[in-house]
Amino acid sequence: MTLRSVFIANRGEIAVRIIRACNELGIRTVQAYSDADADSLAVILADDAVNIGPGPAAKSYLDIETVVTAAHNSGADAVHPGYGFLAENGDFADAVVAAGMTFVGPDGASIRLLGDKVAARKIAAEAGVPTVPGSVGRVADIDAARATVTEIGFPLMIKAAAGGGGRGIRVAHNIDEFETCFPQAAREAAASFGDDGLYIEKVIGAARHVEVQFLGDGQNYVHCFERECSLQRRRQKVWEEAPAFDLPGQVRTAMCDSAVALARAVNYCGAGTVEYLYDPITHEFYFIEVNTRIQVEHPTTEMITGVDLVQAMLRIAGGEPLAIHQDEIKISGHAIECRINAEDPEKNFMPRPGTVETLRVPEGANIRFDSMLYEGYTVPPFYDSLLGKLIVHGPDRDVCLARLRVALGELQIDGLPTTVALHRLLTEDPAITGREFDTRFLEGWIERQFQP
Ligand code: ADP
Ligand code: ADP
Ligand code: MG
């Protein structure tokens, strides 16, 4: 292992996750924190901590110069970006390297290539990976967009090339909606992502979101099979599983091989995910994007394969060749992750930060709780509402669901509203237990449950 100390340019549960991986590898940790995170669990657990400015992320976690300078001054020899914030910013990766440190992730060029969702579509198509029918590149203007619209028909999606986190996507069902949405989408993309580039995709209606985890060191590549992430609200994942259920063997093989081919095509170095939409009727799958970072739902893959993905990232960044071969990676049982957010499902999921008064964490075999919580901790208002994740493993999906029901029953977080009760309801729902859901399911289910 060549990395000696890692600067963690993130916060919350993923910072805690990275600290644990570093500790296991004997790597010193330096935690970045904003004024709002001075008492965070990550700051408590890290060997060292450095203040990087005020609570609002634009002035701290999103400020490249501030973060790189703090990392450099801390003496760290590497920077782990986590997810969100600067994790998929190629300029950040370049700045870390320019300051003489290692970026724990692919290089800036790979991030730019794959992080631009239009460029990634092109690379995928060239690597022989099926993509969603739509515009070939960015649509130059509304006239060029109309040509694509005529070709693919409705409903369609107008998507921001630089979008992410479920933002920057609009659906048009007819030409009038299209004419209204398109200029709005361009303005919103420019304001949100600093890039007004748009592309168009056909809506794949009854689809499931299935994604493949891969690892590569620039020479050797493996996949760690797939995750099922169809339970989404506002195009953000809420509940994830591994592996995907009822996936025919040849579809799994084709999807996983596609992901590896794509990673290899760009000499990718690190951990990444290729996201697909999967049509369970036709068994067709379509590339949607690549995430060039660790993902929120990575523990489900760790539970079923035994591969520690964060440790693998750190080892690859440290220059070690990939130590695991494809034939050593096997699927064992089933895992489910529930994202626990500080949101009130009864009040349209309004984020409601507050202080954790009581915390009781479920225990027992095959239960994992990755969180930022402790009793007395006050959740700051500035950031994403993710508090943590409950991940449960079982020999098959039914046992996993039963174990999840028990674990969610034990999990008690008092003092602020959370999505725990929503997950309890989901574990009892016949569509969930019966594996009858796609990406459209959860929105309708929420309407029926909470807005009668
Ligand atoms: P994952 O892809 O890991 O399953 P998400 O899509 O929910 O998870 O994204 C992970 C985190 O990164 C979330 O906090 C999300 O809000 C944030 N995020 C990802 N991309 C962007 C982006 N382009 N702009 C803003 N936030 C983003
Ligand atoms: P983000 O970068 O925000 O994660 P994605 O392109 O990955 O955006 O899409 C997020 C989600 O939106 C997908 O998981 C899926 O549920 C839905 N989605 C995206 N593209 C399509 C499409 N062409 N047809 C149907 N649903 C889609
Ligand atoms: Mg996505």
Side-chain angles (χ1 to χ4, degrees), residues 83-85 87-89 111-112 114-125 129-136 138-139 145 148-149 151-173 178 181 185 188-189 192-193 195 197-213 226-241 244 255 259 262 272-282 284-298 339 384 386 437-446:
Y83 55 69
F85 296 125
E88 289 181 275
N89 186 313
I111 295 176
R112 273 186 288 271
L114 297 172
D116 181 319
K117 295 167 84 177
V118 176
R121 263 167 71 80
K122 189 157 172 279
I123 294 164
V129 183
T131 57
V132 181
S135 55
V136 171
R138 292 176 176 225
V139 284
T148 305
V149 170
E151 206 178 297
I152 67 169
F154 294 98
L156 54 79
M157 279 181 173
I158 305 167
K159 300 172 83 170
R167 299 184 311 126
I169 298 178
R170 274 159 204 260
V171 180
H173 297 91
F178 170 79
C181 278
E188 190 191 82
S192 305
F193 312 112
D195 176 351
L198 299 176
Y199 66 111
I200 292 173
E201 273 181 6
K202 187 182 169 67
V203 168
I204 310 293
R208 283 162 46 192
H209 175 118
V210 178
E211 60 184 32
V212 175
Q213 175 73 53
E226 80 286 348
R227 298 184 281 259
E228 158 77 55
C229 312
S230 299
L231 290 177
Q232 304 180 353
R233 176 177 173 272
R234 300 201 170 158
R235 301 194 179 91
Q236 280 238 32
K237 298 154 191 167
V238 169
W239 155 311
E240 303 99 340
E241 310 192 11
M255 260 188 194
L262 183 50
T273 301
V274 180
E275 296 189 335
Y276 301 98
L277 289 174
Y278 167 61
D279 182 332
I281 307 292
T282 64
E284 306 265 14
F285 63 87
Y286 308 91
F287 168 92
I288 45 174
E289 66 159 342
V290 183
N291 289 145
T292 58
R293 54 174 165 84
I294 192 72
Q295 277 189 289
V296 176
E297 59 273 24
H298 76 276
R339 295 197 191 192
D384 195 274
L386 185 70
F437 57 86
D438 58 33
T439 55
R440 301 168 306 184
F441 171 80
L442 188 60
E443 297 265 356
W445 183 90
I446 286 169

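Start at 1 and go down the list; that is how both ligands and their atoms are numbered. For reference, positions follow the sequence shown, starting with 1.
- Partners of Asn89 according to the side-chain hydrogen bond (donor to acceptor under 3.5 Å, both in side chains) rule, which considers only residues two or more places apart in sequence or in another chain, do not exist here.
- Pro133 is listed as a side-chain neighbour of Tyr286, based on a closest heavy-atom distance under 4.5 Å.
- Comparing Arg235, Glu88, Arg440 by heavy-atom distance to atom 12 (O) of ligand 2, the nearest is Arg235.
- At a 4.0 Å cut-off, not a single heavy atom of Gln236 sits close enough to ligand 2 to count as contact.
- For the pair Val290 and Thr273, the minimum side-chain heavy-atom distance is 4.5 Å or more.
- Between Arg339 and Asp384, no side-chain nitrogen of the basic residue sits less than 4.0 Å from a carboxylate oxygen of the acidic one, so the salt-bridge criterion is not met.
- Judged by the shortest distance from any of its heavy atoms, Lys237 lies outside the 4.0 Å radius around the atoms of ligand 2.
- Under 4.0 Å is where a charged nitrogen must lie from a carboxylate oxygen, and between Arg167 and Glu188 no such pair does.
- For ligand 2, the atoms closer than 4.0 angstrom to any heavy atom of Gly164 are 1 (P), 2 (O), 3 (O).
- A distance of 6.0 Å or more separates the ring centres of Tyr278 and Phe285.
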For residues 199-207, run the donor-acceptor check on the side chains, cut-off 3.5 Å, and write out each pair with its distance to 0.1 Å, sequence neighbours left out.
from	atom 1	to	atom 2	distance (Å)
Glu201	OE1	Lys159	NZ	3.0
Glu201	OE2	Arg121	NH1	3.3

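- For ligand 2, the atoms sitting less than 4.0 Å from at least one non-hydrogen atom of Ile288 are 7 (O), 13 (C), numbered in the order shown with element in parentheses.
- In summary, the atoms of ligand 2 found under 4.0 Å from a heavy atom of Val132, numbered by their order in the structure, are 23 (N).
- Checked by distance only, ligand 2 and Ile204 come closer than 3.5 Å through their nitrogen or oxygen atoms.
- Contact atoms of ligand 2 toward Gly166: 1 (P), 3 (O) (distance under 4.0 Å to a heavy atom of the residue).
- Between Glu297 and Lys237, at least one side-chain N (NZ, or NE/NH1/NH2) sits under 4.0 Å from a carboxylate O, which counts as a salt bridge.
- If you check the side chains of Gln295 and Glu275, you find a donor sitting under 3.5 Å from an acceptor.
- The N, O or S atom of Glu289 with the smallest distance to the Mg ion (ligand 3) is OE2.
- Remark: ligand 2 atoms within the under-4.0 Å shell around heavy atoms of Gly163 are 2 (O).
- Between Arg208, Lys159, Lys117, it is Lys117 that holds the heavy atom closest to atom 8 (O) of ligand 2.
- Salt-bridge annotation for Arg138 and Asp116: present, with a side-chain N of the basic residue lying under 4.0 Å from a carboxylate O of the acidic one.
- Not close to ligand 2: Ala207, with no non-hydrogen atom less than 4.0 angstrom away.
- Only the side chain of Gln232 comes within 4.0 Å of ligand 2, counting heavy atoms alone; its backbone N, CA, C and O stay farther away.
- Annotation for Arg233 and Val238: closest pair N-CG2, 3.8 Å, computed over non-hydrogen atoms.
- Note on Glu211: not counted as a metal contact of the Mg ion (ligand 3), no N/O/S atom lying under 2.8 Å.
- Atoms of ligand 2 found under 4.0 Å from any heavy atom of Thr439 (numbered from 1 in listed order, with element): 16 (O).
- For Asn291, no heavy-atom contact with ligand 2 is shorter than 4.0 Å.
- Considering only heavy atoms from C-beta on, Val210 comes within 4.5 Å of Met255 through its side chain.
- For ligand 2, the atoms closer than 4.0 angstrom to any heavy atom of Glu275 are 7 (O).
- Counting the atoms of ligand 2 from 1 in the order shown, those under 4.0 Å from a heavy atom of Val203 are 24 (N).
- Taking the Mg ion (ligand 3) as reference, the nearest N/O/S atom within Glu275 carries the name OE1.
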